[in-house]
Amino acid sequence: MLIVQKYGGTSVGDLDKIANVAKKVAKTKKEGNSIIVVVSAMSGETNKLIGYAKHFSKIPAKREMDMLLSSGERVTASLLSIALQEMGINAVAMTGRQAGIVTNSSHTTARIEAIETKYMQKEIDSGKVIVVAGFQGVSEDGIVTTLGRGGSDLSAVAIAGALNADVCEIYSDVDGIYTTDPRIEPKAKKLDMISYDEMLELASLGAKVLQNRSVELAKKLNVKLYAKSTFDENSTGTLITEEENIMEKPIVSGIALDKNQARVSIMGVVDRPGIAGEIFEALAKGDINVDMIIQTTGHNSQTNMDFTVPENELEETKSVMDKLSNDYSSVEYDKAVVKVSIVGVGMKSHSGVASTAFKTLANENINIMMISTSEIKISMIVEDKYSELVVKALHSAYELDK
Ligand code: ADP
Ligand code: ASP
Ligand code: MG
């Protein structure tokens, strides 16, 4: 079998843990498999590097950030390869570029355009274990890029797809996908299977156990994707697969929490045709990901607009809003908010899912600031001090602990 295994930050968090991963990889190799390992930086390392950059600049240049952040994954890839060699395993470490991962030039959120598989194929054919530094590639003009936070998952899925691997296993500190983050709700239950679409929603809505774009790509390339635990030998994990492969479809599959949210409220916006277009175009040009938007009914040719952005894009948002100051009378920023979401394919055919959520929050006396829905999800913005309470209350309201 050709197996791609990805080990996240906590799995390679220190030298002993890297040694543990080396043992697992060696075992898989000795069982007669071909194996490509993708590694993250040691846990906390990427944040540490971002902190260093912020010491010098509020909004550091993205090209330089990629140069900086890609270094974390190179450290773990080379160390794991050295550890494997010491165990008598023929291993080779590769950067994203050496592995042939070509991306566009959107620094810090680059998209993979192609994988030149010949470099990895050659090493596989000669029986080597490849250890690829995750989260990174190279643009057409030869400059290092990174794939967005959590992007080593994407590296792994893309490699598995390009090389037609039999399976792609994402190893972390949890035994698979749970009905909600088990760190918040210990009563959360592990799912044996989940559909690509539900997993994509959960990941996009804050369940960082898998990076959302990796799930999207796994669906597109039909990669057999597992989430498993590094630390539990008997981990059966969760299979992420097509909806039709799942026999019993629950109405609600999981609850996600996204703390990386901020609310922007613009008051006294000049109420004229084209104004929303101007504001949101300026934000889009600043690479800011606007999510929920609410506009209130206008009064005296003025209106109010509320929208959410990722909290880590707030500095950029402020700088765009400052330039638009002629279009409104005042603006407020609120970082003390979170987004809680309910996800399930069964919502397509069941009514009453939303009203259960609203009633549950009402019973707890919690105010909902914003709501958005799609076919398979309901999202609500609430004050951050209620995060855990809301997650637990909804988890029990939909009987996910049963
Ligand atoms: P890694 O560093 O290995 O990439 P992550 O920290 O990115 O691992 O992802 C694993 C974490 O995801 C878990 O420790 C858990 O707290 C969190 N998590 C959030 N939502 C879920 C969920 N629904 N199921 C399992 N884990 C979840
Ligand atoms: N090290 C990067 C991050 O922390 C990528 C990853 O871990 O997947 O986001
Ligand atoms: Mg991760």
Side-chain angles (χ1 to χ4, degrees), residues 5-14 17 21 37-51 65-66 68-77 96 108-110 132-137 145-158 169-192 194 198-215 226-232 235 237-238 240 252-260 312 338-344 387-388 391 394-395 400:
Q5 293 187 339
K6 179 258 168 175
Y7 292 92
T10 41
S11 307
V12 292
D14 59 36
K17 288 185 177 147
V21 168
V37 186
V38 176
V39 286
S40 286
M42 292 181 176
S43 62
E45 195 58 29
T46 307
N47 286 341
K48 193 175 91 188
L49 295 171
I50 292 174
M65 286 309 283
D66 278 351
L68 176 67
L69 298 189
S70 61
S71 66
E73 270 67 12
R74 294 179 180 210
V75 171
T76 41
T108 73
T109 51
V132 181
F135 176 52
Q136 57 186 278
T145 53
T146 64
L147 310 175
R149 296 307 304 268
S152 299
D153 296 344
L154 181 62
S155 307
V157 169
E169 301 168 339
I170 309 284
Y171 285 91
S172 75
D173 58 350
V174 271
D175 181 27
I177 312 301
Y178 281 68
T179 46
T180 194
D181 188 340
R183 286 195 217 210
I184 300 175
E185 175 52 282
K187 287 186 216 150
K189 290 266 178 302
K190 194 193 74 141
L191 304 165
D192 292 328
I194 186 167
E198 286 171 306
M199 191 60 237
L200 178 57
E201 286 288 354
L202 284 174
S204 305
L205 295 167
K208 64 170 189 153
V209 56
L210 290 178
Q211 193 224 28
N212 57 353
R213 283 163 55 201
S214 73
V215 181
Y226 278 96
K228 288 188 170 182
S229 161
T230 308
F231 305 105
D232 176 0
S235 164
T238 301
I240 298 98
V252 169
S253 293
I255 315 278
L257 172 67
D258 188 350
K259 292 187 169 178
N260 181 26
N312 63 350
V338 296
K339 179 164 70 181
V340 183
S341 307
I342 302 145
V343 172
S387 336
E388 304 213 341
V391 170
L394 291 172
H395 195 266
L400 296 176

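Both ligands and their constituent atoms are indexed starting at 1 by order of listing. Below, each value reflects all heavy atoms present in this structure, side chains not excepted, and no hydrogens, waters or symmetry copies. Along the sequence shown, residues are numbered consecutively beginning with 1.
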Item to check | Residue pair L210 / I177, side-chain heavy-atom distance below 4.5 Å | outcome: yes
Next on the checklist: Among R213, K208, K6, which residue satisfies the side-chain hydrogen bond (donor to acceptor under 3.5 Å, both in side chains) criterion with D153?
Outcome noted: K6
Checklist entry - Can you tell if the side chain of T179 reaches within under 4.5 Å of the side chain of L191, non-hydrogen atoms only? => result yes
Checklist entry - Is the closest N or O pair between G150 and ligand 2 shorter than 3.5 Å? => result yes
Checklist entry - So, does G9 sit close enough to ligand 2 that a heavy atom of it is under 4.0 Å from the ligand? => result no
Checklist entry - What atoms in ligand 2 come closer than 4.0 Å to a heavy atom of E73? => result 1 (N), 2 (C), 5 (C), 6 (C), 7 (O)
Next on the checklist: Any non-hydrogen side-chain atom of I342 less than 4.5 Å from a side-chain atom of L394?
Outcome noted: yes
Next on the checklist: Quick one, S235 with S229, criterion side chain to side chain donor-acceptor pair (under 3.5 Å). Give me CA distance, side-chain angles, the key distance, then yes/no.
Outcome noted: CA-CA 6 Å; S235 164; S229 161; 5.0 Å; no
Next on the checklist: Between D66 and T145, do the side chains contain a donor N or O and an acceptor N or O under 3.5 Å apart?
Outcome noted: no
Next on the checklist: Could you walk me through whether T180 and E185 satisfy the side chain to side chain donor-acceptor pair (under 3.5 Å) test, starting with their C-alpha distance in whole Å, then the side-chain angles of each, then the deciding distance to 0.1 Å, before giving a yes or no?
Outcome noted: CA-CA 7 Å; T180 194; E185 175 52 282; over 6 Å; no
Checklist outcome for this item: Sorted by chain and residue number, the residues having a heavy atom closer than 4.0 Å to an atom of ligand 1 are K6, G8, G9, T10, Y171, S172, D173, V174, G176, I177, Y178, T180, D181, P182, R183, A207, K208, V209
Checklist entry - So do D173 and R183 actually touch side chain to side chain, heavy atoms under 4.5 Å? => result yes
Checklist entry - Is there a heavy atom in G134 that sits closer than 4.0 Å to ligand 2? => result no
Checklist entry - At what distance, to the nearest 0.5 angstrom, does CG of L400 lie from NZ of K189? => result 10.0 Å
Checklist outcome for this item: re atom 3 (C) of ligand 2, the protein heavy-atom contact at minimum distance is R149 NE, 3.3 Å
Checklist entry - For T230 and Q5, what are the C-alpha separation, side-chain angles and deciding distance, and is it a side chain to side chain contact (heavy atoms under 4.5 Å, CB included)? => result CA-CA 10 Å; T230 308; Q5 293 187 339; over 6 Å; no
Item to check | Contact check: K6 vs ligand 2, nitrogen or oxygen atoms, below 3.5 angstrom | outcome: no
Checklist outcome for this item: atom 7 (O) of ligand 2: closest protein heavy atom, distance to 0.1 Å, is S40 OG, 3.0 Å
Item to check | Residue-ligand contact E45/ligand 2, heavy atom below 4.0 Å | outcome: no
